[in-house]
Protein chains: 2
Amino acid sequence: MTADRPLRADAQRNRARVLDAAERVFAERGTAASTEEVARAAGVGVGTVFRHFPTKEALLRALVLARLTRIAAEARAYAAAPDPGAAFFDFFAATVRGSASKLELLDALAESGVHPDETAAPVAAELTEAVAALLHRAQRAAAVRADVGVDDVVALLAGASRARRHTPDERPLTVILDGLRAPGAPGTP
Amino acid sequence: MTADRPLRADAQRNRARVLDAAERVFAERGTAASTEEVARAAGVGVGTVFRHFPTKEALLRALVLARLTRIAAEARAYAAAPDPGAAFFDFFAATVRGSASKLELLDALAESGVHPDETAAPVAAELTEAVAALLHRAQRAAAVRADVGVDDVVALLAGASRARRHTPDERPLTVILDGLRAPGAPGTP
DNA sequence: TTGAAAACGGAGTGGCCAGTCCGTATCGTC
DNA sequence: GACGATACGGACTGGCCACTCCGTTTTCAA
């Protein structure tokens, strides 16, 4: 229970800069990029990076968390759209387009033996819930096939992102979206 | 033009062992596993590993090459199946099932800034050609949608493998296969 | 069988990188 | 404006890991 008093103005600014720089650097140089590179890109000393994120792993974690949070928020936003089918498919497509090279952070984490922690769990739950809402509404409207679950959708999000890293082409995404459509729905004509 | 005379018996044996061990070790510990770990798993000294593969990158490359070669061979084998649609879909499914955790090697390579070299090019071409044959035959038979190209199929192979790492579930694969089917063909009923 | 060529093993080396430490700079409060 | 608290920068350290080197072992051809 640390009585986390608000950060000083410069500290807040630097924390944000580091997060930003880390996202950029890791996206383009891979997660093996050194912390010093991140610090340089942020215009900050390494010490500062490590003060805010005691470990490189913590930094990675924070990035993943931020991303998951953003995606969850977007999912909730799409839930407001009138057409259940469009809401689901638009969310899916937008997420894939926006995450092509970034979702891999998640995998980077998983690969390096990082176990999900208590901080991540609620966010993950939040995401799952938001996607489930979108999915189930779309399924009730017979826009999405009934036999897929939330986990399948998440797995397909990851898969579609990976496919996109292979080609900038939209075709693979289209194929996956079509595969998700319910038999009767307009899609593959 | 090195006059590569045949390897001595022990050398051949060890080379194979190293390749084997490397595949296992990198698959389960990630490509960040040290060369020494690979050597130990192969029952060999590090020196031996480096004699056969002058660089860790070269070892990774060799693994990817071997895998691509195997997949290409399998693609050619499936081309012999009577039903063009089944040939394509069975090949796709088998490759994904067999490569779930292994195709990532390819990505590991790509990520660490490894540029495709002259050795890889012919094998890649071979693979592309074999897949193209399968794909086009299936498309002519109206089993696979006409608007996807070989590159899309390869991207989707990678994507499906990634999805599979997320869930052992078959559903995501099914979704992708269904997305690939031609409109009229039997698939999503 | 024997000896030269080919391989082997593994201790050693150099470089890189995560993480620390502390003297200095900045902030914010009175 | 002044002082304590907070944050900063970056030189430094320890450990790990790719790769080298060479004395020893194995192969194989004659």
Side-chain angles (χ1 to χ4, degrees), chain A residues 2-26 28-64 105 108-109 111-114 117, chain B residues 2-26 28-64 105 108-109 111-114 117:
Chain A
T2 40
D4 40 25
R5 122 189 49 206
L7 286 175
R8 231 170 61 178
D10 54 347
Q12 253 174 315
R13 196 172 45 241
N14 282 333
R15 190 177 195 281
R17 276 190 194 166
V18 168
L19 234 21
D20 253 37
E23 184 145 21
R24 278 201 315 278
V25 171
F26 289 147
E28 55 192 49
R29 323 276 281 209
T31 50
S34 73
T35 308
E36 202 190 306
E37 251 180 298
V38 172
R40 213 178 311 132
V44 138
V46 258
T48 299
V49 175
F50 281 105
R51 194 166 324 100
H52 286 292
F53 307 96
T55 276
K56 186 179 182 181
E57 186 190 309
L59 176 55
L60 260 332
R61 244 193 241 282
L63 284 176
V64 172
L105 286 176
L109 261 191
E111 247 170 69
S112 56
V114 176
D117 64 353
Chain B
T2 39
D4 39 24
R5 125 192 42 208
L7 287 175
R8 232 170 61 176
D10 54 347
Q12 254 173 314
R13 195 171 47 241
N14 282 334
R15 190 178 195 282
R17 276 190 192 166
V18 168
L19 235 21
D20 252 36
E23 183 146 20
R24 278 202 315 278
V25 171
F26 289 146
E28 55 190 50
R29 323 274 282 208
T31 50
S34 73
T35 308
E36 201 190 306
E37 251 180 299
V38 172
R40 212 178 312 133
V44 140
V46 258
T48 299
V49 175
F50 281 104
R51 194 165 325 98
H52 287 291
F53 307 96
T55 275
K56 187 180 181 179
E57 185 189 310
L59 176 55
L60 260 333
R61 243 192 242 284
L63 284 176
V64 171
L105 286 176
L109 261 190
E111 246 172 68
S112 57
V114 176
D117 65 353

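Residue numbers start from 1 in every chain, and the chains themselves are labelled A, B, ... in the order their sequence lines are given, proteins ahead of strands.
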Problem set entry | Atom pair distance, as rounded to whole Å: CG in B/Leu59 and P in D/dC19 | 10 Å

Problem set entry | Any B/Asn14 side-chain N or O less than 4.0 Å from OP1/OP2 of C/dC8 | yes

Problem set entry | Test: B/Arg61 and B/Glu57 ion pair at under 4.0 Å | yes

Problem set entry | Any A/Thr48 side-chain nitrogen or oxygen under 4.0 Å from OP1 or OP2 of D/dA7 | no

Exercise. Does OP1 or OP2 of C/dA18 have a side-chain N or O of A/Thr35 closer than 4.0 Å?
Worked result: yes

For this session: Take atom CZ of A/Arg13 and atom P of D/dT6, then tell me their distance rounded to the nearest Å.
Result: 18 Å

Exercise. Could you give the CD-to-P distance, from B/Gln12 to D/dT26, as a whole number of Å?
Worked result: 18 Å

Problem set entry | B/Val38 versus B/Val18, closest heavy-atom pair with distance | CG1-O, 4.1 Å

Exercise. Residues in side chain to side chain contact (heavy atoms under 4.5 Å, CB included) with B/Ala33, at least two apart?
Worked result: B/Val25, B/Phe26, B/Arg29, B/Glu37

Could you list all N or O pairs between the protein and nucleotides 28-30 of chain D that sit under 3.5 Å apart?
from   : atom 1 : to     : atom 2 : distance (Å)
D/dC28 : OP1    : B/Ala9 : N      : 3.0

Extract from the structure each pairing of a protein N or O with an N or O of nucleotides 12-14 of chain C at less than 3.5 Å, listing the distance.
none

Exercise. Pairs in or reaching into residues 39-53 of chain B: which pass salt bridge (charged side-chain N to carboxylate O under 4.0 Å, His left out), with residues at least two apart or in two chains?
Worked result: B/Glu36-B/Arg40

For this session: Counting heavy atoms from C-beta on, name the nucleotide in C/dG19, D/dT20, D/dC8 closest to the side chain of A/Ala11.
Result: D/dC8

For this session: Looking only at non-hydrogen atoms, find the nearest pair between B/Val49 and B/Ala39 and report the distance.
Result: CG2-CB, 3.7 Å

Exercise. What's the CZ-P distance between A/Arg29 and C/dC17, to the nearest Å?
Worked result: 11 Å

Problem set entry | Euclidean distance, atom CZ of residue B/Arg15 to atom C1' of C/dC8 [Å, nearest integer] | 16 Å

Problem set entry | Comparing A/Gly45 and B/Phe50 on DNA chain D - which has the more 5′ nearest nucleotide | A/Gly45

For this session: Look at A/Arg51 and C/dT20 and indicate whether a side-chain polar atom (N or O) is within less than 4.0 Å of OP1 or OP2.
Result: no

Problem set entry | Distance below 4.0 Å between A/Ser34 side-chain N/O and C/dC16 OP1 or OP2 | no

Exercise. What's the CZ-P distance between B/Arg40 and D/dA18, to the nearest Å?
Worked result: 12 Å

Exercise. Restricting to pairs with a member in residues 7-18 of chain A, which pass salt bridge (charged side-chain N to carboxylate O under 4.0 Å, His left out), not counting sequence neighbours?
Worked result: A/Arg8-A/Asp10

Exercise. Does A/His52 place a side-chain N or O at less than 4.0 Å from the phosphate oxygens OP1/OP2 of D/dC8?
Worked result: yes

Problem set entry | Interatomic spacing from CG in B/Asn14 to CG in B/Asp20 - rounded to 0.5 Å | 12.0 Å

Seminar exercise, completed: Residues passing the side chain to side chain contact (heavy atoms under 4.5 Å, CB included) test with B/Ala58, sequence neighbours excluded, are B/Phe53, B/Pro54, B/Thr55

For this session: Find the distance A/Glu36:CD to D/dT13:C1' and express it as a whole number of Å.
Result: 14 Å

Problem set entry | A/Glu37 CD to C/dG19 C1', straight-line distance once rounded to whole Å | 17 Å

